[in-house]
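As the structure is a prediction and not an experimental result, all values here were calculated from the model.
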Amino acid sequence: MAAHAEKSGPGKPGKPGGKEAQPLIIAKTPAEEQRLKLERLMRNPDKPAPIPDRPKEWNPRAPPEFVRDVMGSSAGAGSGEFHVYRHLRRREYQRQDFLDRIAEKQDKDQEYLDKVELNKQSAEERTAKRRRKRDKLKQKKMMVKKAKQDAEKDGEDDEEESRASSEEEDQEKEADDDAEAPSFIMGRK
């Protein structure tokens, strides 16, 4: 009796300290079923979740290398031969469909890879064009800055010369303005 009492442990009904009894809930919708599964997983987050392996893709059986019972075309074939022929024909059609699907999948994969490569190329071209534009602006700013610094250094010496040259330029502009007469006048009859 004592051995029997020792065997009954904390998991038995009526004994304190065992697992809590969970009410039986039957899922009526797929969303509810998923919710119940998530709740069960989240009760013990330390326990690893079972992740099933990806199902293997179906492959047709390879055609035999040597066919022993070749069907003849003579009349009087047995009644069971038609079923054998039908089975072989169905299996061959399945194999051809499988090969067609594989070829189509490879074509789509290749198209996708080509498209990705084309997108990378066009993005690289746009990036290079923008980089050239940024570099050009940087160089232009550096040239302006350098010219400004040179002007500040030489500005003290050239103030007198620049005044004289600016007066000459003003006179030349006025002369050019007078020389430019319109070759035709719009709106007159």
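When the shell of 6.0 Å around CG of Leu137 is examined, it contains more than 12 heavy atoms from other residues, nucleotides or ligands. Taking a 6.0 Å sphere around CD of Gln96, one finds it holds more than 12 heavy atoms contributed by other residues, nucleotides or ligands. For Tyr93, the OH atom counts as loosely surrounded, since its 6.0 Å shell holds 12 or fewer non-hydrogen atoms of other residues, nucleotides or ligands. Applying the 6.0 Å contact sphere to CZ of Arg43 captures more than 12 heavy atoms from other residues, nucleotides or ligands.
Looking at Gln110 and Asp114, their side chains do bring a donor and an acceptor atom within 3.5 Å of each other.
Looking only at side-chain heavy atoms (C-beta outward), Leu41 and Lys47 stay at 4.5 Å or farther from each other. Side-chain contact check for Glu125 versus Arg130: every heavy-atom pair is 4.5 Å or farther apart. The shortest side-chain heavy-atom distance between Ile102 and Glu57 falls under the 4.5 Å cut-off. Between Lys129 and Arg126 there is no side-chain heavy-atom pair separated by less than 4.5 Å. At a threshold of 4.5 Å between non-hydrogen side-chain atoms, the residues Arg89 and Tyr85 count as touching.
Electrostatic pairing of Glu104 and Lys108 counts as a salt bridge here, judged by a charged N lying under 4.0 Å from a carboxylate O. Look at Glu111 and Lys115 and you find no salt bridge, because none of the NZ, NE, NH1 or NH2 atoms lies under 4.0 Å from a carboxylate O. A salt bridge is defined here as a Lys NZ or Arg NE, NH1 or NH2 lying under 4.0 Å from an Asp or Glu carboxylate O, and Glu92 with Arg95 meets this definition. Between Glu33 and Lys37, at least one side-chain N (NZ, or NE/NH1/NH2) sits under 4.0 Å from a carboxylate O, which counts as a salt bridge.
In terms of heavy atoms, Phe98 sits closest to Trp58 at CE1-O, 3.0 Å. The minimum heavy-atom distance linking Glu32 with Ile25 is given by the pair OE2-CG2, 4.2 Å.
To the nearest 0.5 angstrom, Gln149 atom CD is 6.5 Å from Lys153 atom NZ. Interatomic distance, OG1 of Thr127 versus CZ of Arg134, reported as 8.0 Å (0.5 Å rounding). Distance CG/Leu36 to CD/Glu39: 5.5 Å, rounded to 0.5 Å. From Met143, atom CE reaches atom CG of Asp150 across 9.5 Å, with rounding to the nearest 0.5 Å.
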